[in-house]
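Here is the naming used below: chain letters follow the sequence lines, and residue numbers restart at 1 for every chain. Only this structure's heavy atoms are used, side chains among them; waters, hydrogens and symmetry mates stay out. These figures come from a predicted structure and were not determined experimentally.
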2 protein chains.
Amino acid sequence: MTATTLHRPTHRDALALLESAFGDGRLVTVFGRCTVEYDGRASSTLGAGDRLVVCKPDGTILVHTDEKRKPVNWQPPGCTHRASVRDGRLRIRSSRTTPDETLDVRFERLDQLTAYEVNDRSDLTLHGSEEDLRQRILEEPALVEEGFEPSATERETTAGPVDIFGEDAAGRPVAVELKRRRVGPSAASQLKRYVDALRTEFADEDVRGVLVAPSVTDRTSELLAENGLGFVSLEPTAEDAAAGKEDGSDRTAEDDSR
Amino acid sequence: MTATTLHRPTHRDALALLESAFGDGRLVTVFGRCTVEYDGRASSTLGAGDRLVVCKPDGTILVHTDEKRKPVNWQPPGCTHRASVRDGRLRIRSSRTTPDETLDVRFERLDQLTAYEVNDRSDLTLHGSEEDLRQRILEEPALVEEGFEPSATERETTAGPVDIFGEDAAGRPVAVELKRRRVGPSAASQLKRYVDALRTEFADEDVRGVLVAPSVTDRTSELLAENGLGFVSLEPTAEDAAAGKEDGSDRTAEDDSR
DNA sequence: TTGTGAATATCGCGT
DNA sequence: ACGCGATGTTCACAA
């Protein structure tokens with residue numbers, strides 16, 4: 001049996017199942033009317049209302065209302081769940097140290113409690129991230145500009161790591177900052193920090209900076225211009241990957257390489 | 001009845017309850033073995049495994065595994081949920097436009113499905129945010145430095161809004177940037193942008209910048225020094241508000257000034 | 001543990 | 001809708 005459910009349980013019966021489920025690594029959902037208090041990095045209180053509470057065996061706890069993608073309260077992985085009954089009411093408390101923080105859920109009414117056994121070995125495979133964008137540029141540096149030659153990724157500077165570092169057609173050092181979506185001023189600012197650091201490092205050379213993103217806001221465009229930084233528009237998704245390959249590289253066989 | 005539950009339902013029975021629940025604004029949880037595909041801002045695939053799926057009436061959908069605080073897949077509020085049965089298997093699809101994106105959950109096995117009626121009017125009250133920090137400084141400007149006089153919050157500049165803007169004891173313009181926790185280089189960079197913008201605006205004055213945060217990283221400290229920016233250590237929570245007042249400043253009367 | 005930046009970030013506020 | 005910055009951000013990765 002992968003799911004054990006109690007309907008409108010007494011708070012004591014709920015406690016028994018909760019302790020059992022916490023003990024053997026099951027995932028638990030509780031639905032009912034409750035209040036929530038949090039104290040730790042900040043502090044919060046939430047009055048009574050109907051919520052879905054999810055307790056994961058890794059120590060995560062989530063309190064969800066009927067709105068929003070974010071839980072109204074939560075605790076990250078690594079916490080310890082404890083259940084108890086005070087004044088005849090179920091209480092779930094989840095806490096951790098470093099930082100010290102505690103979440104307290106007190107139930108006024110219990111509608112349903114379920115403990116699930118979870119078997120999940122699959123990992124998510126995601127495409128269209130900044131990492132994908134980087135791969136595409138390394139395969140086809142001309143996407144940045146004709147003659148660009150990457151020499152390193154995550155190249156360290158005193159201001160932090162540069163996404164792609166290389167040389168332009170004229171042999172000048174180039175720092176490339178990648179963003180997978182439309183960017184605001186902070187991205188331009190970040191690139192400028194890297195370029196400034198590289199200008200100190202390459203005191204006698206003309207260091208350039210290029211921002212690669214789908215687009216930039218107006219203010220960001222001004223910021224780039226003010227600081228002599230370049231911009232190249234590029235989408236993170238390789239919609240025309242096949243066309244690009246035909247166009248740019250002639251890899252026809254030997255799929256077994258590497 | 002606030003909770004309607006089906007245990008190990010047929011996929012057709014599940015479909016009927018889902019359509020009913022989507023229709024009248026109930027929150028739904030489904031537990032079972034499923035695969036998930038996402039396509040939109042990025043794209044992802046997830047092989048078969050046991051997961052808890054939560055569909056909210058505001059269009060949010062969450063797919064949770066037994067680990068982590070983040071759902072393994074999701075869709076934000078504003079989406080449209082649709083359920084169907086293909087090849088005898090339940091499928092839940094949630095999609096939206098702007099941006100165009102779709103989440104597809106296909107069930108191989110259904111363990112449990114529940115529809116909840118949710119009543120929740122309570123709002124979260126949170127303390128210890130940056131907003132709290134700002135209030136404290138406006139009440140006690142000397143926390144920034146003796147003689148500081150705030151004149152505006154969210155003061156607009158061509159580089160964006162400055163948290164607190166005012167004058168120091170010598171009448172010089174001061175931009176104060178607030179952070180509720182230990183900060184990295186980007187905060188110093190952000191403050192520098194504001195100060196640069198203000199230096200253009202107040203061309204004939206000596207504009208200063210002060211970062212207020214619990215602490216800064218080493219590299220950030222250097223960045224601040226390089227750019228002549230100040231730093232004041234301050235916690236977002238007013239734990240020792242009383243003690244701090246006795247200790248740090250000699251403000252004995254006239255709390256009503258401001 | 002700390003530092004650093006990405007994220008399908010989400011969210012709220014303003015224009 | 002876009003722009004902008006905070007978030008109890010979470011998360012992975014590196015030093």
Side-chain angles (χ1 to χ4, degrees), chain A residues 38-44 60 67-78 96 98-103 124 126-134 154 156-157 159-163 177-187 190 193-194 215-221 236-237, chain B residues 36-44 60 63 67-79 96-103 124 126-134 154 156-157 159-163 177-187 190 193-194 215-220 236-237:
Chain A
Y38 161 75
D39 196 65
R41 286 166 290 175
S43 65
S44 72
T60 302
E67 288 184 331
K68 305 288 152 149
R69 191 250 182 208
K70 276 184 63 175
V72 64
N73 275 117
W74 72 91
Q75 203 70 285
R96 66 166 178 169
T98 16
D100 238 292
E101 51 183 1
T102 301
L103 187 73
L124 186 78
L126 179 70
H127 301 283
S129 63
E130 186 180 299
E131 174 61 22
D132 285 288
L133 182 55
R134 182 169 71 173
E154 303 299 323
E156 278 303 332
T157 72
V162 175
D163 285 335
E177 175 66 25
L178 306 177
K179 296 294 171 186
R180 65 176 304 283
R181 61 173 199 172
R182 184 172 177 84
V183 297
S186 65
Q190 187 182 345
R193 289 204 311 272
Y194 297 153
S215 60
V216 297
T217 66
D218 288 352
R219 200 176 266 169
T220 307
S221 184
T237 50
Chain B
V36 188
E37 288 199 37
Y38 161 75
D39 195 66
R41 288 166 289 177
S43 66
S44 71
T60 303
V63 181
E67 288 184 333
K68 301 290 151 121
R69 190 245 183 216
K70 275 184 63 174
V72 64
N73 275 117
W74 71 90
Q75 202 72 283
C79 294
R96 65 166 177 168
T97 53
T98 355
D100 238 292
E101 52 183 0
T102 301
L103 188 72
L124 187 77
L126 179 69
H127 301 283
S129 63
E130 186 182 299
E131 173 62 22
D132 285 284
L133 181 55
R134 181 170 70 174
E154 303 300 322
E156 278 302 331
T157 72
V162 175
D163 286 334
E177 173 67 23
L178 307 176
K179 296 292 172 187
R180 66 176 302 285
R181 59 175 197 172
R182 184 174 177 84
V183 297
S186 65
Q190 187 182 346
R193 278 191 281 128
Y194 297 153
S215 60
V216 298
T217 64
D218 289 351
R219 201 178 266 169
T220 307
T237 51

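- Considering CG of B/L178 and OG of B/S129, their distance stands at 10.5 Å, rounded to 0.5 Å.
- For the pair B/T98 and D/dA1, the criterion of a side-chain N or O lying under 4.0 Å from OP1 or OP2 is met.
- Proximity of A/T217 to the phosphate of D/dC2: no side-chain N or O atom is located under 4.0 Å from OP1 or OP2.
- With hydrogens and angles left out, the side chain of B/D39 and the base of C/dT8 share no donor-acceptor pair within 3.5 Å.
- Residues meeting the side chain to side chain contact (heavy atoms under 4.5 Å, CB included) test with A/A159, sequence neighbours left out: A/T157, A/R193, A/Y194, A/A197.
- When the C1' atom is used for both D/dT7 and C/dA6, the distance is 15 Å, rounded to whole Å.
- Between B/H127 atom NE2 and D/dT7 atom P the separation is 15 Å, expressed in whole Å.
- No hydrogens or angles were tested; on distance alone, a donor-acceptor pair under 3.5 Å links the side chain of A/Q75 to the base of D/dG8.
- Between B/S44 and A/A159, the residue anchored nearer the 5' end of DNA chain C, judged by the nucleotide with its closest heavy atom, is A/A159.
- Closest approach to the B/E177 side chain among D/dA6, C/dT8, C/dT4 is made by D/dA6 (side chain taken as heavy atoms from C-beta onward).
- Contact check for B/N73 versus B/L103: side-chain heavy atoms found under the 4.5 Å cut-off.
- Residue contacts shown for B/S129 are limited to sugar-phosphate atoms, with no base heavy atom under 4.0 Å away.
- With sequence neighbours left out, the side-chain hydrogen bond (donor to acceptor under 3.5 Å, both in side chains) criterion links B/S215 to B/R182.
- Under the side chain to side chain contact (heavy atoms under 4.5 Å, CB included) criterion, A/D39 pairs with A/S43, not counting sequence neighbours.
- Only the C1' atoms considered, C/dA7 is 16 Å distant from D/dG5, to the nearest whole Å.
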Scan nucleotides 13-15 of chain D against the protein and return all N/O pairs shorter than 3.5 Å with their distances rounded to 0.1 Å.
none

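- For the pair A/L126 CG and C/dA6 P, the computed distance is 15 Å after rounding to whole Å.
- Using C1' as the reference atom, D/dA14 and C/dT8 are 25 Å apart when rounded to the nearest Å.
- Taking only side-chain nitrogens and oxygens, B/Y194 comes nearer than 4.0 Å to OP1 or OP2 of D/dG5.
- Between B/W74 and C/dA9 there is no side-chain N or O to OP1 or OP2 distance below 4.0 Å.
- Residues A/L126 and A/D132 come closest through the heavy atom pair O-OD2, 4.1 Å.
- Phosphate proximity of D/dA6 to B/R180: absent, as no side-chain N or O sits under 4.0 Å from OP1 or OP2.
- Residue A/R219 has no polar side-chain atom (N or O) positioned under 4.0 Å from OP1 or OP2 of D/dG3.
- Among the atoms of the strands shown, none is found under 4.0 Å from any heavy atom of B/R134.
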Taking only nitrogen or oxygen atoms into account, show me every contact under 3.5 Å that the protein makes with nucleotides 11-15 of chain C, one pair per line with its distance.
residue: C/dC11; atom: OP1; partner: A/R69; partner atom: N; Å: 2.7
residue: C/dC11; atom: OP1; partner: A/K70; partner atom: N; Å: 2.9
residue: C/dG12; atom: OP2; partner: A/K68; partner atom: NZ; Å: 2.7

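- Heavy atoms of B/Q190 sit under 4.0 angstrom from primed sugar atoms or phosphate atoms, though from no base atom.
- Residues forming a salt bridge (charged side-chain N to carboxylate O under 4.0 Å, His left out) with A/E131 (at least two apart in sequence, or on another chain): A/R134.
- Counted by atom type alone, A/D218 and A/S221 present zero donor-acceptor pairs between their side chains at under 3.5 Å.
- Considering only residues two or more places apart in sequence or on other chains, A/E101 meets the salt bridge (charged side-chain N to carboxylate O under 4.0 Å, His left out) condition with A/R41, A/R96.
- Under the side-chain hydrogen bond (donor to acceptor under 3.5 Å, both in side chains) criterion, B/D163 pairs with no residue, sequence neighbours left out.
- Remark: the A/N73 side chain and the D/dG8 base include a donor-acceptor N/O pair separated by less than 3.5 Å.
- Among the nucleotides C/dA6, C/dA9, C/dG5, the one closest to the side chain of B/R41 is C/dA9.
- Take the nearest nucleotide of DNA chain C for B/S43 and for B/V216: the residue whose nucleotide is more 5' is B/V216.
- B/S186 pairs by the side-chain hydrogen bond (donor to acceptor under 3.5 Å, both in side chains) definition with nothing, not counting sequence neighbours.
- In this structure, A/R181 does not reach the D/dG3 phosphate: none of its side-chain N or O atoms is under 4.0 Å from OP1 or OP2.
- Among the atoms of the strands shown, only primed sugar atoms or phosphate atoms (P, OP1, OP2) are found under 4.0 Å from some heavy atom of A/E130.
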